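Here is the structure we will look at, set down as C-alpha cells.
These values consider heavy atoms only, across backbone and side chains, with no hydrogens, waters or symmetry-generated copies. Small disclaimer: the values here were computed from a predicted structure and weren't measured. Residue numbers begin at 1 in each chain, while the letters A, B, ... track the order of the sequences.
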Amino acid sequence: MTQKASKLVIVTEKVLLKKVAKIIDKAGATGYTVVAAGGKGSRGVRSSGQPSVNDTFTNVKFEILTPNRDMAVNISDEVAAQFFDDYSGIAYICDVMEVLHAHTF
Amino acid sequence: MTQKASKLVIVTEKVLLKKVAKIIDKAGATGYTVVAAGGKGSRGVRSSGQPSVNDTFTNVKFEILTPNRDMAVNISDEVAAQFFDDYSGIAYICDVMEVLHAHTF
Amino acid sequence: MTQKASKLVIVTEKVLLKKVAKIIDKAGATGYTVVAAGGKGSRGVRSSGQPSVNDTFTNVKFEILTPNRDMAVNISDEVAAQFFDDYSGIAYICDVMEVLHAHTF
Amino acid sequence: MRRKEVLMDFISDFLTKFVAQLQSPTLGFLIGGAVAAAVSSRLAIPDAIYKFIVFMLLIKVGLKGGIAIRESNITEILLPALFAVLTGILIVFIARHTLAKLPNIKVVDAIATGGLFGAVSGSTLAAGLAVLDAQGMEYEAWSAALYPFMDIPALVTAIVLASIYTSKQKKLAAENEYRSKQEFYGEQKEYGQQRITASGYPHEEQNHRVEIWPIIKDSLQGSALSALLLGLALGLLTRPESVYESFYEPLFRGLLSILMIVMGMEATARINELRKVAQWYAVYAFIAPLIHGFIAFGFGMIAHYATGFSAGGVVILAIIAASSSDISGPPTLRGGIPSANPSAYIGASTAVGTPVAIALGIPLFIGLGQAVMGG
Amino acid sequence: MRRKEVLMDFISDFLTKFVAQLQSPTLGFLIGGAVAAAVSSRLAIPDAIYKFIVFMLLIKVGLKGGIAIRESNITEILLPALFAVLTGILIVFIARHTLAKLPNIKVVDAIATGGLFGAVSGSTLAAGLAVLDAQGMEYEAWSAALYPFMDIPALVTAIVLASIYTSKQKKLAAENEYRSKQEFYGEQKEYGQQRITASGYPHEEQNHRVEIWPIIKDSLQGSALSALLLGLALGLLTRPESVYESFYEPLFRGLLSILMIVMGMEATARINELRKVAQWYAVYAFIAPLIHGFIAFGFGMIAHYATGFSAGGVVILAIIAASSSDISGPPTLRGGIPSANPSAYIGASTAVGTPVAIALGIPLFIGLGQAVMGG
Amino acid sequence: MRRKEVLMDFISDFLTKFVAQLQSPTLGFLIGGAVAAAVSSRLAIPDAIYKFIVFMLLIKVGLKGGIAIRESNITEILLPALFAVLTGILIVFIARHTLAKLPNIKVVDAIATGGLFGAVSGSTLAAGLAVLDAQGMEYEAWSAALYPFMDIPALVTAIVLASIYTSKQKKLAAENEYRSKQEFYGEQKEYGQQRITASGYPHEEQNHRVEIWPIIKDSLQGSALSALLLGLALGLLTRPESVYESFYEPLFRGLLSILMIVMGMEATARINELRKVAQWYAVYAFIAPLIHGFIAFGFGMIAHYATGFSAGGVVILAIIAASSSDISGPPTLRGGIPSANPSAYIGASTAVGTPVAIALGIPLFIGLGQAVMGG
Ligand SMILES: Nc1ncnc2c1ncn2[C@@H]1O[C@H](COP(=O)(O)O)[C@@H](O)[C@H]1O
Ligand SMILES: Nc1ncnc2c1ncn2[C@@H]1O[C@H](COP(=O)(O)O)[C@@H](O)[C@H]1O
Ligand SMILES: Nc1ncnc2c1ncn2[C@@H]1O[C@H](COP(=O)(O)O)[C@@H](O)[C@H]1O
Ligand code: NA
Ligand code: NA
Ligand code: NA
C-alpha cells in the first residue's frame with residue numbers, strides 16, 4: 001500500500017513556471033507541487049524581470065515525487081539543459097521513504 | 001541533543017487547512033509548518049471553491065516532524081480516511097537525519 | 001557530476017529573515033531558498049509583531065544545501081545560539097541523495 | 001384591445017431597455033474581461049483587490065439599506081422575505097428533479113449545483129442595484145436585505161438533500177455489495193484498491209444526522225454576507241451618512257465596473273472546467289437563472305398586489321433568484337457536500353450562470369417590471 | 001459661583017460630545033469590526049489593502065502638515081515637541097515603576113509594554129484628526145509632526161531600560177548560579193537542557209552597551225513614520241495641493257472607516273493573546289491611555305498659556321500620548337527587546353489600548369479641550 | 001532677428017516650464033520615493049496595489065482614447081503610427097551600433113537594453129499625459145494608442161537581432177573551438193565543467209528561425225498593454241462616459257502620484273544591480289531617453305507639418321520614445337533573449353532611464369513643443 005519514491009526538487013525563476021510544469025507532465029510524473037520561493041545562489045542575479053519592490057519571491061520551488069530515480073533524473077536533465085545556461089536554478093533529489101496515500105502513484 | 005525523526009508531508013486543498021491542523025494537534029505532534037502551494041495531481045480538479053483569478057496557490061503543504069514513524073502514519077491515515085475520498089491530496093514520509101534545535105521535541 | 005549533500009531546514013520568525021540569511025552567507029553556503037510559512041510549535045507565541053489579520057504566514061522556512069553535515073550544523077548552531085532563546089524556531093537536517101544540477105556547488 | 005396594447009407596450013419597452021443594457025458599461029466590462037481572458041491576456045486584478053472590491057460593494061449596499069431601514073416600516077419585509085425563502089428552497093428541488101435526472105449527471109453534483117443557483121451573488125445584486133439606480137427605478141431600501149433569506153435556505157436545503165441521498169446510497173451500496181460481490185470482481189477490485197491507496201480504509205458507517213445550525217452559521221460568517229450585514233448594522237445603528245456619501249457611494253459604480261472585468265475573466269477561465277463535466281450543466285446554467293428569476297418575479301407580483309411591494313423590489317427579488325453564488329456559496333458547499341465535484345457547480349455558476357444573470361437577467365426583469373408594473 | 005458654572009458647563013458639554021462620539025461612524029466601524037471578529041465572521045480586509053490604507057492616511061496627514069507648515073512659524077513647535085519627548089520618556093518610566101512591580105509580570109515585558117504605549121499610533125492620530133476636523137476644532141498644521149517626537153524617545157527609552165535591566169539580571173544570575181548550583185539542581189538541569197536543545201549553548205557574556213542611533217534610525221525607517229515624513233517633505237518642498245485636494249483629502253475619511261473595521265477585528269483577535277498573559281496587562285491597557293493623555297494634556301496646557309499653543313493642538317498632543325503604536329512599534333521592540341513576550345505588549349496595545357484611546361480618549365480630550373479652553 | 005527672438009523665446013519659455021516641472025508633484029513624488037528607498041525606509045506599497053494602480057492608469061488612458069476616437073478621423077493616426085514603428089526599430093539599431101561596441105559590454109545585453117528603451121512605459125506615458133492635461137496642452141485623443149506601435153516593433157527587433165547574433169556566434173564558436181581546442185585547454189575546461197554541472201550537457205545545435213508572431217502576441221498579452229487595449233475597446237464600443245468621469249478620471253492623478261513613489265523606490269533599488277554591470281549602461285541610460293525623444297520629436301514635426309498632427313501629439317510621441325518599458329517589456333525580453341543579463345537592461349531602464357524620461361524628458365519635450373509649435 002505504501003511505496004518507495006524519489007523526490008526531485010527544482011528551484012528556478014518564476015518565469016519558467018509553465019515551461020517546467022510542461023516538462024514534468026511530459027516525463028510522465030503523476031503530479032507536482034509548487035511553492036513561491038525566494039533565494040540566493042551563485043548567479044547574484046535576482047532580476048526576474050518583474051518589479052522587485054515588495055515581491056521578494058521571484059523563484060518557484062517544484063517538488064515532484066517520482067516512482068524511481070530515473071524519471072527524476074530525466075526531468076532534471078531536461079530542465080537543466082533547456083534553461084540553466086541562461087536562468088538561475090538548482091535541482092536535487094531526496095529519498096522519500098514511503099508514499100502513504102495518493103490518488104494515483 | 002540531536003534526534004532522529006520522521007518528516008510527514010501532506011499536500012491537500014486549502015479548505016482543509018484547519019481540519020488537518022486539528023488532526024495533527026490531536027495526534028500529539030509537537031508542531032507543524034504549513035506553506036501555500038499549488039500543484040497538479042491525478043484529480044485534475046483544482047477548484048477549491050474560491051475564485052481562481054490570480055490565486056494559483058489553492059493547496060497547502062504541511063510538514064510535520066514526528067519523533068517516530070508511527071505517529072506520522074497515524075496522522076496520515078486519519079487525514080486520508082477523512083478527506084481523500086472527496087478532496088485531492090497526497091501524503092508521504094521523508095527521513096530527517098537529525099533535529100538539531102527545537103524548543104520541544 | 002552529481003554530489004551528495006546535506007539539506008538544513010530552519011523554520012523561524014519572519015523578522016529574522018535578513019539576519020539568518022547573513023549567517024548562512026557567512027558560513028560559506030553557496031545559496032539558500034526561502035519560503036513564507038506558517039506554523040505551530042511549542043511556544044504558542046505567534047505574534048511576530050505584525051498585524052495578524054489576514055497574514056497567516058509569519059514564519060519563514062529556509063532550506064540550505066550544504067556540501068557536508070558540518071557546515072549545516074555550524075549554521076544551525078549559530079542561528080540557534082543567537083535567536084532561539086527569544087524567538088521561536090526549529091532546525092533539522094535531511095539527507096539529499098544527489099545534487100543533480102547547480103551553477104556552483 | 002387594452003390587453004394587446006399593454007402587450008405591445010411591454011414588448012417595445014422591453015426591447016428598448018434590453019438593447020440599451022447591452023451597451024451599458026456594466027455588461028461591456030463583463031464581456032471585456034471574458035474576451036481578455038479568452039485571448040490569453042495576462043491582464044490581472046490582484047486577488048487582494050478583488051476581495052476588497054467585493055467588500056466595498058456589499059458594505060455599501062448594506063449601509064444604504066441600513067440607513068434607509070431606519071425610516072421604513074420593517075414589517076413590510078415579511079412577505080417578500082417569506083417568498084425569498086420559498087424560492088431558495090424551490091430552486092434546489094427543481095434541480096433535484098430535473099438536472100439530477102439527466103444522463104451522465106451525478107445526483108450530488110446536481111443537488112450542489114441547485115444549491116449554488118439558489119444561493120445569491122453579491123456581485124450580481126450590486127450590478128442589478130446599479131442599473132436600477134441608473135434608470136431611476138425605485139425600490140424599498142431593505143430589498144437588499146432579502147439576500148440572506150434566499151441564500152441560506154438554498155444552501156441548507158442542498159446540503160440536507162445531498163446528505164439524505166448519500167446515506168440512502170450507502171445503505172443500498174452495502175446491500176448491493178453483498179449480493180454482487182462475485183459478479184464484478186475484477187474491475188471493482190482495481191477501483192477499490194486505488195481508493196484505498198488514497199483514503200486508507202473504508203469509512204466506518206457514520207450514520208450522522210445533518211445539523212442545520214452549523215450550515216446557517218457558516219453562511220452568515222461568509223465574507224460576502226458578513227460585509228452586507230455589517231453594513232446593514234452600521235447603517236442602522238450609527239450615523240455613517242457623511243462617509244457613505246463622500247466615499248462608499250461615489251466609488252460604487254467604478255469598483256463594480258472592475259468587478260465585472262474580473263467576473264468576465266473568471267467566466268472564461270471556468271469554461272474549461274465546465275467542459276470536463278456533462279454538457280447538461282451548460283444547458284441548465286443557461287436556462288435556470290431566467291426560470292428562477294421568473295418564479296421569484298411571480299412571487300414578487302403577489303407581494304406587489306398584496307402588500308404594495310414596489311416594482312423595483314420585485315425586480316430585485318427576481319435578480320437575487322436569477323443570481324448564483326460566486327463567493328460564499330462554493331466553500332460552504334465544498335464543506336457541506338464534499339463528494340460533489342466543484343468543477344460541475346462552480347463551472348456552471350461562474351462560467352454561464354452569472355454572465356446570463358447579469359447580461360440577460362437584469363435587463364429582462366427590469367424591462368418586465370417596468371412594462372408590467374410601470375415602475 | 002463662576003467656577004461652579006464652568007464645571008457644570010464642562011460636564012454638560014463633555015457629556016454631549018461624548019455621547020455624540022459614541023454614535024460617530026469612526027467608533028461605530030471600530031465596534032463593528034470587533035463584533036464581526038467576535039462572531040467568527042470570515043470578513044477579511046486583505047493585508048495589502050490594510051497596508052495601503054495606513055500609507056494613504058499617513059501620507060495625507062503628512063502632506064497636509066507639510067503644506068501648512070510652509071506658512072507657519074515653525075519655532076512654535078519647540079515647546080510642544082519638547083513636551084512630546086518628555087511624555088514619551090515619562091510613560092516608559094511609569095510602566096517600569098507600576099506595571100513592572102505587579103505580580104506575575106516580567107520586568108522586560110512591562111518595559112516593552114510601556115514603550116509601545118509611549119509610542120504613537122498613526123491610525124489613532126488619523127482618527128483624532130478626522131474627529132477634530134468634523135467638529136471644526138482648529139489646530140496648528142504642524143501638530144501631526146509631533147508624532148516622531150514622542151514615538152522615538154519612548155521606544156529608545158524602553159529598549160535602553162530593558163537592556164540595562166537584562167545585563168544587571170545576568171550578572172546577578174551568574175553570581176546566584178554559583179551560590180545556588182547545588183540547591184535547585186534537579187529542576188534547573190531539566191530546564192537548562194531544554195534551552196540547550198533550542199539555543200545550542202549558553203550565550204557568551206556579550207557585555208555590549210546599547211546603541212541609541214540604530215534604534216532611532218529603525219523607528220524613522222518604519223513604514224508608518226516613513227509615510228508621514230515623506231508626506232511632510234512632499235508637502236513642504238513640492239506643490240501637491242491639487243492632488244491633495246482631489247485625491248488624498250476626499251478618500252481620507254472613507255479609508256479611515258475601513259481601517260477602523262480592521263482595528264476592531266485585530267482587537268478581538270488579540271484578546272486571546274492577552275488572556276494568556278497576566279490579567280494586569282488588561283487593567284494597565286485600559287487605564288494607561290487615559291492617564292498618558294491627561295499628562296500630555298497638562299503639558300499641552302502649559303504650552304497653551306506660555307506660547308499660545310491652540311486648544312486643538314493640546315488635544316492632538318493628548319491623543320498622541322493616549323495612543324499606542326500598532327504598526328511600527330512592535331517590530332522595533334521585537335528586535336530591541338527580544339526577550340520580551342510579544343503577546344503581552346501587542347495584546348495589551350491592540351486588544352485594549354487602541355480601542356480605549358479611540359473610543360474613550362478622543363472624545364474625552366476633545367470634550368475636555370473645548371470645555372476648558374473653548375477651542 | 002526674427003529667428004533670434006524665437007530662439008530666446010524658446011529658451012526662456014523652456015526654462016520656465018522646466019523649473020515649474022521640477023516643483024511639480026509628479027516629479028516630487030518620484031524623487032520622494034527614490035530618497036525614501038535610499039535611506040532604507042521600510043515604506044512599502046504592496047505589490048497588489050502597485051499592479052492595480054498600473055491597471056487603473058492604463059485602462060483610464062485607454063477609455064479616454066476610445067471614447068474620443070469615436071469622433072475622430074482615425075486615418076490621421078497612420079503617419080504618426082508609422083513614425084512610431086520606425087522610431088521603435090531605430091532605437092534598437094542605435095543600441096546595436098553604439099552601446100554594443102563599447103568596452104565590457106556583451107552584445108546581447110546591449111541589444112536587450114536597446115529593446116527595452118525602444119519599448120514603452122505605461123507609467124511614463126501616464127505621467128506625460130497628466131502633465132499635458134495640467135498645462136492644458138491639447139493632443140489627439142488617439143495619441144495614447146501609439147503605444148503598441150512603438151512598443152512591439154522595438155521588442156521584436158531586439159529579439160530578432162539578438163537571435164541572429166547568437167546563431168552567428170555559435171557557428172563561429174564551433175569553428176573556433178575546433179581550431180583552438182589545444183591552446184586554452186586548462187582554463188576552458190574548468191569553465192566548461194562548471195557549465196555542465198548546471199546545464200547537464202551542451203545544447204544540440206537547434207538551428208531554429210525566430211518566429212515573430214509569438215513575440216507580438218506575447219507583447220499584446222502583457223498586463224500593461226492589455227489594460228490599455230481593453231480600455232480602448234470599452235471606450236470605443238460601450239458608453240462608459242459616466243463611470244469614466246465619476247471614477248477613472250478623478251482617481252487618475254492621485255494614483256499616478258503613488259505610482260511615482262513606487263518608481264522612485266524601484267529606481268534606487270535597481271541602482272545596485274546597475275553597479276554590477278559596466279558603467280557604460282548608466283551613461284547610455286542617461287543620454288538615450290533624450291536622444292530617442294528628439295528623434296521621435298523630429299518625426300512628429302514632419303507629421304505636424306504634413307498632416308496637422310497636433311503639438312501635444314508630437315510631445316506624446318517624443319515621451320513614448322523617451323520612455324523605457326518597466327512592466328511588460330522585461331519578461332518578454334527575459335523569454336526572448338534568455339542569454340542577456342537582466343541586471344543590465346532592467347537596471348539601466350528602471351534605475352536611470354525612467355527617472356530621466358520623467359524628470360527631464362517630459363518637461364523638455366513639452367517646453368520644446370510649446371516653444372516650437374506654440375501648442
Ligand atoms: N546551496 C543552496 N541551497 C539551497 N538553495 C539554493 C542553493 N543554491 C542555490 N539555491 C537556490 O537556487 C536558486 C538559483 O541558484 P543559482 O542558479 O545558483 O543562482 C537560488 O535563488 C536559490 O533559491
Ligand atoms: N507526484 C507528485 N509529486 C508531488 N506532488 C504531487 C504529486 N501528485 C500529487 N501531488 C500534489 O498533491 C495534490 C493533490 O493530488 P491529487 O489528489 O492526485 O489531485 C496535487 O495538487 C499536488 O500538489
Ligand atoms: N514538530 C514540528 N514539525 C514541523 N514544524 C515544526 C514543528 N515544531 C515546530 N515547528 C515549526 O517551528 C516553528 C517554531 O516552533 P517553536 O519554536 O516550537 O514555536 C513553528 O511555528 C513551526 O513552523
Ligand atoms: Na439565486
Ligand atoms: Na503614546
Ligand atoms: Na521607448
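Ion pairing between a basic and an acidic side chain is recognised when a charged N comes within 4.0 Å of a carboxylate O; A:E78 and A:K26 show no such pairing. Salt bridge status for C:D95 with C:R69: absent, with no side-chain N to carboxylate O gap under 4.0 Å.
A donor-acceptor pair under 3.5 Å is formed between the side chain of A:E13 and the backbone N or O of A:S88. Remark: side-chain polar atoms of C:D70 are not paired, donor with acceptor, to backbone N or O of C:V73 under 3.5 angstrom.
Interface remark: C:T33 contributes backbone and side-chain atoms alike to the contact with chain A (heavy atom separation under 4.5 Å). Neither the backbone nor the side chain of C:I24 comes within contact range of chain A; no heavy atom of the residue lies under 4.5 Å from a heavy atom of that chain. Neither the backbone nor the side chain of A:I10 comes within contact range of chain C, judged by heavy atoms closer than 4.5 Å.
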